[in-house]
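Notes to accompany the following structure.
Residue numbers begin at 1 in each chain, while the letters A, B, ... track the order of the sequences.
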Protein chains: 2
Amino acid sequence: MFSKACEYGIRAALFIAQESLNGQRVSLKAITAEIDSPDAFTAKILQLLARNEIIVSTKGPNGGFEIDKKKIDNIMLSEIVDAVDGDSIYKGCGLGLKECNADKPCPLHNRFVLVRNDLKKMLEGTSLFELATGLETGLTFLKR
Amino acid sequence: MFSKACEYGIRAALFIAQESLNGQRVSLKAITAEIDSPDAFTAKILQLLARNEIIVSTKGPNGGFEIDKKKIDNIMLSEIVDAVDGDSIYKGCGLGLKECNADKPCPLHNRFVLVRNDLKKMLEGTSLFELATGLETGLTFLKR
DNA sequence: TTAAATTCGGATAGATTTGTCTTAAATAGA
DNA sequence: TCTATTTAAGACAAATCTATCCGAATTTAA
């Protein structure tokens, strides 16, 4: 469904959000240890999120990554997916046709848009904050 | 969502189904011309579908591919997806965790399974026959 | 029996995604 | 200022997915 990069991106963002809510900035090492992801590859994805102003990166000793506390309940999963995977999930025909729309649909079009719109709504309606609280209370996990 | 291979596989199967309903066996060339896909790669995918007994292949002059007429309304999209892409769409965590279930869920688990179950139901509830009729009546398309 | 048509199967090649390495840049603190 | 720490950025490498090529096998028909 999502690319590996996107999976790491969401998991990293959630951990950063959780720590940011506690006033803690986190290092790359802390992130990859927590979400169990490859260091250098994860770093690339964090750069992407930083360039898209979803997270803030700070160099130097005690540097690392954080998210503006006030923004955390305003950052939707869709923004992260968009930054990492682009809009390919939302757009495009289920059967790979270039032109496929209600006027000239592929055989799967009508059924496919229903499912995909649900996915879209889910991503657009879910904030980092909502998901981070589950982590904080120990109800959900980012590893294994 | 689906791999390229799976997209070609579904499109090919739909065309074969449509022609089989008209009593016509179709060649690889006819298929790739109709669905606008790369010949050799499509051949590989058709081999997969044949090995999974979704389609029947015949060698030699006037050979080609067909689907047992009686089976066409009994073959669900899920079978094709399964043959080509495996069960990765149905199983597996949205965030890529190896262990993720209701007992030890990732933060996205509950929302994700809702969407994915809809996809699963859609694929399991849609037969080649249903989709082929749209093609036959000119309401839907397999190209562009 | 021979030739032509067609799929099968393995090897190979190209493209994309995933992942690593190395050096540079920035920053904090001694 | 110097050093240690940390992220940034680009080059490179490995793995996977997509696609091609070619000879073998099968079948039909002349």
Classify every nucleotide of nucleotides 8-16 of chain D by which part a protein heavy atom approaches to under 4.0 Å, writing B for the base, S for the sugar-phosphate alone and - for neither, in 5'-to-3' order.
SBBB-----
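Among pairs with a residue in residues 37-84 of chain A, those fulfilling ring pair (Phe, Tyr, Trp, His ring centres under 6.0 Å) read Y8(A)-F41(A), at least two apart in sequence or across chains. Among residue pairs with one or both ends in residues 123-144 of chain A, none qualify as ring pair (Phe, Tyr, Trp, His ring centres under 6.0 Å); sequence neighbours excluded. Listed by first then second residue, pairs satisfying salt bridge (Lys or Arg N to Asp or Glu O under 4.0 Å) with a partner in residues 86-96 of chain A read D87(A)-K91(A), not counting sequence neighbours. Among residues at least two apart or in separate chains, salt bridge (Lys or Arg N to Asp or Glu O under 4.0 Å) pairs with a member in residues 123-137 of chain A are E130(A)-R111(B). Counting only residues at least two apart or in different chains, salt bridge (Lys or Arg N to Asp or Glu O under 4.0 Å) contacts with residues 92-106 of chain B are absent. Sorted by first and then second residue, the ring pair (Phe, Tyr, Trp, His ring centres under 6.0 Å) pairs involving residues 67-104 of chain A (not counting sequence neighbours) form an empty list. Sequence neighbours left out, the pairs with a member in residues 7-23 of chain A that pass salt bridge (Lys or Arg N to Asp or Glu O under 4.0 Å) are K4(A)-E7(A). Residue pairs that meet the side-chain hydrogen bond (donor to acceptor under 3.5 Å, both in side chains) test with at least one member in residues 45-58 of chain B, sequence neighbours left out, are Q47(B)-R51(B).
Near DNA chain D, meaning a heavy atom under 4.0 Å from it, residues 7-29 of chain A has S27(A), L28(A) in order of number. Using a 4.0 Å cut-off on heavy atoms, none of the residues of residues 79-96 of chain A approach DNA chain C.
Residues satisfying the salt bridge (charged side-chain N to carboxylate O under 4.0 Å, His left out) criterion with E79(B), sequence neighbours excluded, are absent altogether.
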